[in-house]
Amino acid sequence: MNAPIRDWAEVREIRRAADETWWVELDSPAIAGRARPGQFVMVGLGVEQVAAPFLPRPFSVGLAGPDRTVGLLLREFGAGTRRLARLRDGDRVLLLGPLGQAFSVSSDRPVVCIAGGVGLAPFLFLAAEQRKLGRQVRLLYGERTADRVFSSELIEELTGVAPIIYTEDGSAGHQGLVLAGIRPEEEPALLACGPTPMLQAVARLAIEHGLPLQVSVEEHMGCGIGTCQGCVVRSASGEWIKSCTEGPVFDARELSWPT
Amino acid sequence: MNAPIRDWAEVREIRRAADETWWVELDSPAIAGRARPGQFVMVGLGVEQVAAPFLPRPFSVGLAGPDRTVGLLLREFGAGTRRLARLRDGDRVLLLGPLGQAFSVSSDRPVVCIAGGVGLAPFLFLAAEQRKLGRQVRLLYGERTADRVFSSELIEELTGVAPIIYTEDGSAGHQGLVLAGIRPEEEPALLACGPTPMLQAVARLAIEHGLPLQVSVEEHMGCGIGTCQGCVVRSASGEWIKSCTEGPVFDARELSWPT
Amino acid sequence: MADLTQRLFGTQWQSPVLLASGTCGYGEEYAELIPLDEIGGIVTKAVSLEPRSGNPPHRVSETPGGMINAIGLQNVGLAAFIREKLPWLRDNLVRARVLINVVGHTEDEFEAVVAGLDGEDGFLGFEINVSCPNVKDGTLFGTDPAGLAGLVATLRRATARPLVVKLTPNVPDIGLYARICEENGADGLSTINTFPGMLIDVGKRRPVIGNVSGGVSGPAILPMGVYLTWRARQSSSLPILGIGGIRSSDDALQYILAGASLVQIGTALFVDPEVAVAVHRGVEAYCTESETPLRELVGGVQIPDRD
Amino acid sequence: MADLTQRLFGTQWQSPVLLASGTCGYGEEYAELIPLDEIGGIVTKAVSLEPRSGNPPHRVSETPGGMINAIGLQNVGLAAFIREKLPWLRDNLVRARVLINVVGHTEDEFEAVVAGLDGEDGFLGFEINVSCPNVKDGTLFGTDPAGLAGLVATLRRATARPLVVKLTPNVPDIGLYARICEENGADGLSTINTFPGMLIDVGKRRPVIGNVSGGVSGPAILPMGVYLTWRARQSSSLPILGIGGIRSSDDALQYILAGASLVQIGTALFVDPEVAVAVHRGVEAYCTESETPLRELVGGVQIPDRD
Ligand SMILES: Cc1cc2nc3c(=O)[nH]c(=O)nc-3n(C[C@H](O)[C@H](O)[C@H](O)COP(=O)(O)OP(=O)(O)OC[C@H]3O[C@@H](n4cnc5c(N)ncnc54)[C@H](O)[C@@H]3O)c2cc1C
Ligand SMILES: Cc1cc2nc3c(=O)[nH]c(=O)nc-3n(C[C@H](O)[C@H](O)[C@H](O)COP(=O)(O)OP(=O)(O)OC[C@H]3O[C@@H](n4cnc5c(N)ncnc54)[C@H](O)[C@@H]3O)c2cc1C
Ligand SMILES: Cc1cc2nc3c(=O)[nH]c(=O)nc-3n(C[C@H](O)[C@H](O)[C@H](O)COP(=O)(O)O)c2cc1C
Ligand SMILES: Cc1cc2nc3c(=O)[nH]c(=O)nc-3n(C[C@H](O)[C@H](O)[C@H](O)COP(=O)(O)O)c2cc1C
Ligand code: FES
Ligand code: FES
């Protein structure tokens, strides 16, 4: 495994992408050059200050490539992300990454990405890469309402893939949960990232239909690199395992799912 | 006594005035309209954040007038002032003021202001007012070195008074301590603001020569309005008295001076 | 409309928000900044039998996420308090409640202050400060079970007014002290006072605080205060006033859900006096949205089953 | 050139900066981010006799100016530690020193871990953790004078290696516990472990932390840690490892001036791993500028005469 890189990165651009949602491009060629879709970075402001985010916050790499910036899809949630959303071009953040396990995508079958909310982030990166390799990607993307939807033009611009959008109230795209977009009979491999209830539903469906599924989980983190044991999820065998190093992407069969 | 005003004020302008020293103009007509030279404001960033300055910091009103901004002369000292120095035009700060006792200047005799470092701030305001009333002001202003000196052009522009500058190393103005500028035999009333050792020296001199002296003292503050008892200085009779309400400007005879 | 009223200590409370002792003087200074008579009330600066001159400066300084203070309980003393401060409280706080924070070096001194005030008008009851880390003996009663029991029993005999004991966080098990207060006749508990702390000016190699050490308050201690409130609640059925680091309604609700009926705001007042009203309004909005009267939220945190 | 070396616990220390237990695993994860062999050393995650699975999530969360954790001492247990972790420490930390943090439910368990490790290579000594607030009985020994005395005496018999006791801040007088450690044969003290705390998700009305409560660390506790280090120093002549909220050389120097010979950095490593080296360099610069060897700074705070 490669050691993570610590890098003070400049905000090259931060732009509003939807309600309380921002697209952030950070100048970090070293991390961008190494990151794989599904990996994440810890984003902090350094030890000089103690206001939230005092601890760095984990974010999926939303786009990256050699010599490129690291793109993040940032949604305001609590005090830490609210402050990060107030960053301006030219500000600097302290990055640690790339961290964790990436999605593994085999070349012989197309993938279906199931994104809930900012769970979209890793799939932007993944879709862009797959498209560059000329492969098919089906991207299902769900939000609660239209004002939360990351612009589908921007998604196409960034990835070359047109998302299939679901909103709970039907205010954009199809009405309903993103789950409705899954065609269990004909899907090859599923990848999912989003809120835990969504992951649970997808996992149930995958198990039921015997479909391979990789999920990216979210747990509170301390260090991001495996030392603090803060970020555990329950493994299929009932152990607490670290989502920062053994995840955040897991084969759904490695984890225990409530029944 | 008028109640202090609480006001979220916009930074209209912040510009570098000398090494680690900034001139800040805040939009606060209500406070500007009431402030008198020698009074101060508490400058904070509100309860939403906890990084320094978590507690508001006291600053002398450096310039003000009806319908005008509140001007502050801000020097980076510790973490709190460093962060305030990073404010940008359009940012907002939470002001509480005007607070404390002003200098009292009688019309019948010209004043001599003795400023050490950012102790200059209240005298900018005072000099500007006195000049507007057509009165004479002698402004002695000392700094350690030239790069700390608040531009004498800017002082003249703001106040109409040309300062007499002293630097310890002689790199600007006269060489020596600002004390050297006092002419005990011929001075009328002295006003002094600056570091405690300077105030002590001026007080010794004033006592020796029987000159009237008002000093503006600096003590750590909690509330700025007289509730916490945090800001005490020793009175001539040995009591601890509050510098935020009974000061910061005191008649030197009210205080106890080490001998 | 949200119902924020509670009946506690034999009286009606219109709001759960009080200003904490030592951070609001005797009320007057905040009168024009905070609509005092619209909040729950105030707890006065400590009153001792004799005037106290307090500690040398610096008395306050910022710490990471909070502040440290060592005022040394400077106050005008009982007689001057009754003469100069109490009348203003009586005349100006009608719907808001006043608790008088009381300190003493000895049990007798505590008793003399309580007895001396008992017959006066203008306040509801007492908050007994056995937890000040900034004076010698300040936490003596607060950390000694037998001493605390004796003190509370004595004061109980001295007054029929509400008697709230302000506990120190500086003990292995606050529950023990909560029970002692309850068993000896206290009516309520305040959790918590400050944590002893020290700052050193490394340039001068001297303590920043004139008193060498002081008490740490502010947001930094919020999680400790919530925890100790919850622990006190587990061990006693007395109403609790939750204190420590509150600067938002979310913070206040943490204390309330942990078991506090009322909350006190201290340090945050220095940052923004309007925080008292903002916390009140935020709690009100929470009650409205969740269609729950405040009193039903008290202690309402759901503790998951442990396996 | 500044002299940062000290002779302590029978060995030479090249730097006063260690990484604190539980925040640096068993060293390996930080090996490529921090030049571990150039700092003072590391204190391992707690080792218990049997593996422990730890607490349910959430295990960590941010608090104002700090964080809360309730890991529950999840660790691989003594046997696996010796097999899987110790060899790496032995091979990679040559000039840096390793202390093994030890926990147990009972005196016997502590003793078994110490005895089981005593004959192994790859570490200097033990840090005895009697102060973990996140497991039942975690602070049992740390708050019970008789229990602590017995434990330290027993462990003293079990090993000739340096025995450092990590104290809890959660007592009225840490000096008492410092003296007990000294009298029963400990070689050093670590001050301090975390403060018990709790966070409540007011939306869900549930504790944020799976274990309900946890330990608060980070800058928020800096002034408490400096104070308790100073207090421990007043009461005992044992070398002290100062811990709590350190994120700059200024913070570290406060501990050193208060009486710590060495310091440990925990939470701040999560914010920026480079802080360990930055603190070392900053202390070095301070010694250079003041032309004072580090060892002469220890406990060097000047306490003004009180009147
Ligand atoms: C592997 C991973 C990838 C992520 N990728 C993205 C992304 O691409 N875009 C995005 O907007 N968000 C992402 N998140 C979630 C993001 O980290 C949280 O929204 C953020 O930590 C919340 O911080 P806060 O201060 O705003 O919230 P607060 O609730 O104020 O934070 C309090 C504490 O809880 C923790 N916390 C709260 N919610 C979460 C959460 N969902 N995950 C982890 N920690 C949490 C915080 O880190 C902090 O310690 C990701 C999380 C993980 C674990
Ligand atoms: C009445 C008054 C008027 C002032 N006017 C000005 C002015 O016009 N321009 C200017 O640049 N500075 C002025 N100061 C000083 C200014 O308030 C301090 O420089 C500032 O508080 C230091 O904050 P810090 O976070 O940078 O320093 P830190 O040392 O990090 O602060 C730590 C703590 O100590 C307190 N503190 C440290 N030094 C001082 C000090 N000198 N005075 C008060 N508190 C202090 C801080 O408020 C804080 O609580 C004035 C102070 C007072 C009391
Ligand atoms: C400047 C100051 C003075 C205080 N004086 C007293 C006091 O006289 N009596 C008392 O019981 N508590 C006193 N306290 C403690 C507060 O009432 C409160 O318990 C503590 O500050 C924690 O609350 P906070 O974090 O909201 O400030 C004082 C606190 C501060 C900051
Ligand atoms: C995630 C985490 C895990 C910890 N685990 C241990 C432990 O196993 N043993 C121990 O003695 N202290 C443990 N601690 C306490 C630290 O070693 C240290 O005493 C405390 O965090 C204060 O230092 P800090 O503010 O620099 O983090 C842990 C702290 C954290 C944050
Ligand atoms: S976040 Fe520290 S081990 Fe995963
Ligand atoms: S600063 Fe609070 S009384 Fe003066």
Side-chain angles (χ1 to χ4, degrees), chain A residues 1-8 42-58 77-81 83 92-97 99 196 217-235 237-245 247 255-256, chain D residues 19 22-34 42 44-45 51-75 201 208-210 214 217-220 222 245-248 251 265-275 278-279:
Chain A
M1 201 196 78
N2 281 319
I5 296 160
R6 171 194 175 276
D7 190 21
W8 276 104
M42 296 296 275
V43 181
L45 299 176
V47 291
E48 295 236 325
Q49 62 88 46
V50 298
F54 164 64
L55 292 179
R57 302 291 193 257
F77 178 76
T81 46
R83 171 117 171 266
R92 297 198 316 153
V93 296
L94 183 56
L95 294 182
L96 191 67
L99 302 168
T196 306
V217 301
E218 272 188 18
E219 189 42 74
H220 289 202
M221 291 185 175
C223 65
I225 61 166
T227 72
C228 77
Q229 319 251 28
C231 59
V232 297
V233 291
R234 208 187 268 285
S235 75
S237 61
E239 303 286 291
W240 295 118
I241 55 176
K242 294 183 273 196
S243 65
C244 70
T245 49
L255 301 181
S256 103
Chain D
L19 310 188
T23 62
C24 60
Y26 305 103
E28 213 168 333
E29 292 86 351
Y30 276 118
E32 309 204 44
L33 284 163
I34 303 172
I42 76 163
T44 67
K45 175 73 192 160
R52 292 195 190 184
S53 65
N55 293 324
H58 306 311
R59 289 183 171 184
V60 296
S61 208
E62 183 161 322
T63 65
M67 70 177 284
I68 186 168
N69 88 81
I71 307 299
L73 301 176
Q74 173 163 2
N75 81 96
D201 181 324
V208 170
I209 294 296
S217 63
L222 176 81
I246 297 175
R247 64 192 159 112
S248 69
D251 297 342
I265 302 179
T267 304
L269 292 174
F270 302 158
V271 182
D272 185 358
E274 218 155 274
V275 74
V279 169

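Values below: every heavy atom of this structure, side chains too, minus hydrogens, waters and symmetry copies. Protein chains get the first letters and strands the later ones, always in sequence-line order, with residue 1 at the start of each.
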- Query: Considering only heavy atoms from C-beta outward, does the side chain of A:M42 approach that of D:F270 to under 4.5 Å?
  - Reply: no
- Note on the structure: The interface call for A:L55 against chain D, heavy-atom contacts under 4.5 Å, is both
- Task: For each of D:G54, D:G22, D:C24, tally heavy-atom pairs with chain A at distances under 4.5 Å, and name the one with the top tally.
- Result: D:C24
- Would you give the length of the straight line joining atom CG of D:L269 to atom OG1 of D:T267, rounded to the nearest 0.5 angstrom? 8.0 Å
- Query: Side chain, backbone, both or neither: which part of A:E239 has a heavy atom under 4.5 Å from chain D?
  - Reply: neither
- Message: Please classify the contact of D:E274 with chain A as side chain, backbone, both or neither, using a heavy-atom distance under 4.5 Å.
- Response: both
- Item | From CG (A:L96) to CG (D:L33), nearest 0.5 Å | 5.5 Å
- Task: Report the option among D:N75, D:V208, D:T63, D:D272 that has the most heavy-atom pairs separated by less than 4.5 Å from atoms of chain A.
- Result: D:D272
- Message: Rounded to the nearest 0.5 Å, what separates atom NZ in A:K242 from atom OG1 in A:T227?
- Response: 7.5 Å
- Validation row: D:I68, D:E62 side chains within 4.5 angstrom (heavy atoms): no
- Name the region of A:A79, side chain, backbone, both or neither, that has any atom closer than 4.5 Å to a heavy atom of chain D. neither
- Considering only heavy atoms, which portion of D:S61 lies under 4.5 Å from any heavy atom of chain A: side chain, backbone, both, or neither? both
- Kindly indicate whether the side chain of A:Q229, heavy atoms from C-beta on, has any atom under 4.5 Å from the side chain of D:Q74. yes
- Message: Below 4.5 Å, heavy-atom pairs only: which of A:P56, A:G44, A:C231 has the largest tally toward chain D?
- Response: A:P56
